[in-house]
Amino acid sequence: MTHTGMEVNKENIIEKNSLAEFLLQNNYQQVSLSKLDTGHLLIAAAINDVPGVFILDTGASTTVVDEKNIELFRLNVTMEDVKGAGAGGGGLTVYGSTDNKLSINEFHISPFKLAAMNFEHVNTGLQDHG
């Protein structure tokens with residue numbers, strides 16, 4: 001049974017593969033993740049060749065690091081005209097940085113744009129959850 005506009009075209013049917021097989025065939029790479037008790041996912045990556053472990057926030061609109069790490073990650077920052085918010089913090093100063101390199105295993109993005117802002121509210125929330 002089909003509905004109008006939902007007719008099956010045999011030429012458009014893709015041979016069934018597992019999702020993992022499909023992704024690998026399309027040059028996606030497998031990355032190990034770990035999970036905090038809070039449910040946050042952690043990923044090992046490097047910013048400007050400085051390795052670290054980062055929270056993978058799948059709902060974030062941009063990649064953000066704690067402003068305390070501007071020097072550590074060798075970020076060239078400029079103050080943005082917008083205020084940042086998220087995870088209980090609002091009206092925070094945002095520093096933009098455009099000419100960076102993000103590396104996850106053998107995958108690299110350069111130039112890579114990210115932002116830095118005060119993460120005190122995030123760190124406090126994570127500490128409260130152990």
Side-chain angles (χ1 to χ4, degrees):
M1 181 172 143
T2 61
H3 298 281
T4 304
M6 300 287 292
E7 292 80 15
V8 176
N9 181 342
K10 291 184 181 180
E11 288 84 32
N12 292 334
I13 296 176
I14 299 173
E15 184 178 323
K16 280 191 171 183
N17 288 334
S18 73
L19 178 58
E21 289 171 341
F22 172 80
L23 293 174
L24 289 172
Q25 288 170 0
N26 286 280
N27 297 319
Y28 284 77
Q29 296 180 15
Q30 187 173 0
V31 176
S32 295
L33 301 174
S34 56
K35 194 172 186 179
L36 293 173
D37 290 340
T38 59
H40 293 92
L41 298 175
L42 298 178
I43 185 169
I47 296 174
N48 298 328
D49 297 319
V50 179
V53 177
F54 302 88
I55 292 176
L56 178 63
D57 184 348
T58 59
S61 60
T62 192
T63 299
V64 183
V65 298
D66 193 328
E67 67 185 12
K68 293 178 184 176
N69 295 318
I70 288 173
E71 288 184 32
L72 173 68
F73 292 120
R74 300 186 295 271
L75 304 179
N76 183 15
V77 297
T78 57
M79 192 176 297
E80 298 283 326
D81 292 332
V82 297
K83 293 292 182 183
L92 302 170
T93 300
V94 176
Y95 303 92
S97 183
T98 57
D99 192 20
N100 301 288
K101 176 181 168 187
L102 174 70
S103 301
I104 303 171
N105 295 338
E106 300 302 315
F107 178 74
H108 310 285
I109 302 173
S110 181
F112 184 73
K113 182 179 179 180
L114 57 84
M117 59 189 250
N118 186 306
F119 269 23
E120 187 173 334
H121 61 287
V122 174
N123 294 330
T124 299
L126 290 172
Q127 288 172 350
D128 288 349
H129 285 89

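Note that the structure is a prediction, hence the values are computed from the model and not measured.
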Atom CD of residue position Q30 - does it have more than 12 heavy atoms of other residues, nucleotides or ligands inside 6.0 Å?
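Check fails, neighbour count at 12 or below.
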Can you tell me if [X] uses its side chain to pair, donor with acceptor, with the backbone of [Y] under 3.5 Å?
{"X": "N105", "Y": "F107", "answer": "no"}
{"X": "S97", "Y": "N76", "answer": "yes"}
{"X": "Q25", "Y": "F22", "answer": "no"}

Shortest non-hydrogen contact between S103 and H108, atoms and distance
OG-ND1, 2.7 Å
Rounded distance (nearest 0.5 Å) linking atom CD1 of I70 with atom OH of Y95
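One finds 6.5 Å between CD1 of I70 and OH of Y95.
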With rounding to the nearest 0.5 angstrom, report the CG to OG distance, L24 to S18.
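Reported to 0.5 Å precision, the distance equals 8.0 Å.
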Check whether any side-chain heavy atom of [X] lies under 4.5 Å from a side-chain heavy atom of [Y], and answer yes or no.
{"X": "V64", "Y": "T62", "result": "yes"}
{"X": "L75", "Y": "L114", "result": "yes"}
{"X": "T63", "Y": "F112", "result": "yes"}

Check: residues 40-57 side-chain donor-acceptor pairs under 3.5 Å, at least two apart:
residue: H40; atom: ND1; partner: T38; partner atom: OG1; Å: 2.5
residue: N48; atom: OD1; partner: K101; partner atom: N; Å: 2.8
residue: N48; atom: ND2; partner: F73; partner atom: O; Å: 2.7
residue: N48; atom: ND2; partner: N100; partner atom: OD1; Å: 2.9
residue: D49; atom: OD1; partner: K101; partner atom: NZ; Å: 3.2
residue: D57; atom: OD1; partner: G59; partner atom: N; Å: 3.0
residue: D57; atom: OD1; partner: A60; partner atom: N; Å: 3.3

